[in-house]
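See structure below.
All of these numbers come straight from a predicted model, not from anything done at the bench. The figures here come from the full heavy-atom set of this structure, side chains too, leaving out hydrogens, waters and symmetry mates.
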Amino acid sequence: MALLLTPSGTGSAAHRLLKPKTILVVVTVRWKPSTTTQQKHRILDGVATMGQEIHGIQRVWIDSPKVQPPGFETAFALEFTDRAALNAFATDPVHKRWDEIFVPQFETVYAQEITN
């Protein structure tokens with residue numbers, strides 16, 4: 001039996017790399033020592049709620065099995081449909097409410113924007 005191989009040697013059709021034009025915002029959090037586990041869960045639930053309530057958020061990730069750098073234990077990500085959606089997010093009332101309630105629990109926060 002003859003085996004046909006693609007250039008990658010996998011025997012299957014070449015994988016098509018997708019480079020979406022959406023904008024991914026990845027947030028890494030170091031919690032204040034006083035933040036409880038219950039508060040942390042509530043904050044991440046709030047991230048998911050924002051994803052449902054704010055137009056322009058396409059996807060949300062809230063489970064972070066591995067987080068870097070050391071001392072940071074939580075990360076989450078929001079995928080925005082485009083730059084306009086991300087810009088509108090900054091002044092959205094739902095986001096502002098979330099910031100007022102939950103951001104005080106963060107000791108340090110890093111946010112990165114990633115796109116193609």
Check side chain to side chain contact (heavy atoms under 4.5 Å, CB included) between [X] and all other residues, then give those that pass, not counting sequence neighbours.
X	answer
Thr115	Ile23
Ile101	Arg42
Glu100	none
Val60	Val47, Ile57, Ile62, Leu78

Where do [X] and [Y] come nearest, in terms of heavy atoms and distance?
X	Y	answer
Ala85	Asp82	N-OD1, 2.8 Å
Met50	Phe89	SD-CE1, 3.9 Å
Asp99	Pro104	O-CD, 3.5 Å

### Task
Go through the steps for Lys40 and Glu73 under the test side chain to side chain contact (heavy atoms under 4.5 Å, CB included), then give the verdict.
CA-CA 10 Å; Lys40 293 173 188 178; Glu73 64 178 81; 3.0 Å; yes
Separation between [atom1] of [X] and [atom2] of [Y], rounded to the nearest 0.5 Å:
X	Y	atom1	atom2	value
Gln112	Thr28	CD	OG1	5.0 Å
Ile43	Phe106	CD1	CZ	5.0 Å
Asn116	Lys19	CG	NZ	5.0 Å

### Task
Could I get the full list of salt bridge (Lys or Arg N to Asp or Glu O under 4.0 Å) partners for Arg97, not counting sequence neighbours?
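Applying salt bridge (Lys or Arg N to Asp or Glu O under 4.0 Å) to Arg97 gives none.
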### Query
Who are the salt bridge (Lys or Arg N to Asp or Glu O under 4.0 Å) partners of Glu53, not counting sequence neighbours?
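Checked Glu53 against salt bridge (Lys or Arg N to Asp or Glu O under 4.0 Å); zero matches.
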Please identify each residue that fulfils side chain to side chain donor-acceptor pair (under 3.5 Å) with [X], with sequence neighbours left out.
X	result
Thr74	Trp31
Arg83	Glu113
Lys96	none
Thr36	Gln39

### Task
Sequence neighbours left out, what passes ring-ring contact (aromatic ring centres under 6.0 Å, His included) with Phe72? Give chain and number order.
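For Phe72 the ring-ring contact (aromatic ring centres under 6.0 Å, His included) partners, ignoring immediate neighbours, are Tyr110.
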Are [Y] and [X] linked, directly or through intermediate hydrophobic residues, by side-chain heavy-atom contacts shorter than 4.5 Å (ILVMFWY only)?
X	Y	answer
Ile54	Leu44	yes
Phe76	Ile114	no
Val25	Val109	yes

### Query
Can you list every side-chain hydrogen bond (donor to acceptor under 3.5 Å, both in side chains) pair that touches residues 58-68, not counting sequence neighbours?
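As it turns out, the side-chain hydrogen bond (donor to acceptor under 3.5 Å, both in side chains) pairs with a partner in residues 58-68, which skip direct neighbours, are Arg59-Glu79.
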### Query
Is there side-chain contact between Thr22 and Phe80, with at least one heavy-atom pair below 4.5 Å?
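When only atoms from C-beta onward are counted, Phe80 and Thr22 do not touch, as no gap falls below 4.5 Å.
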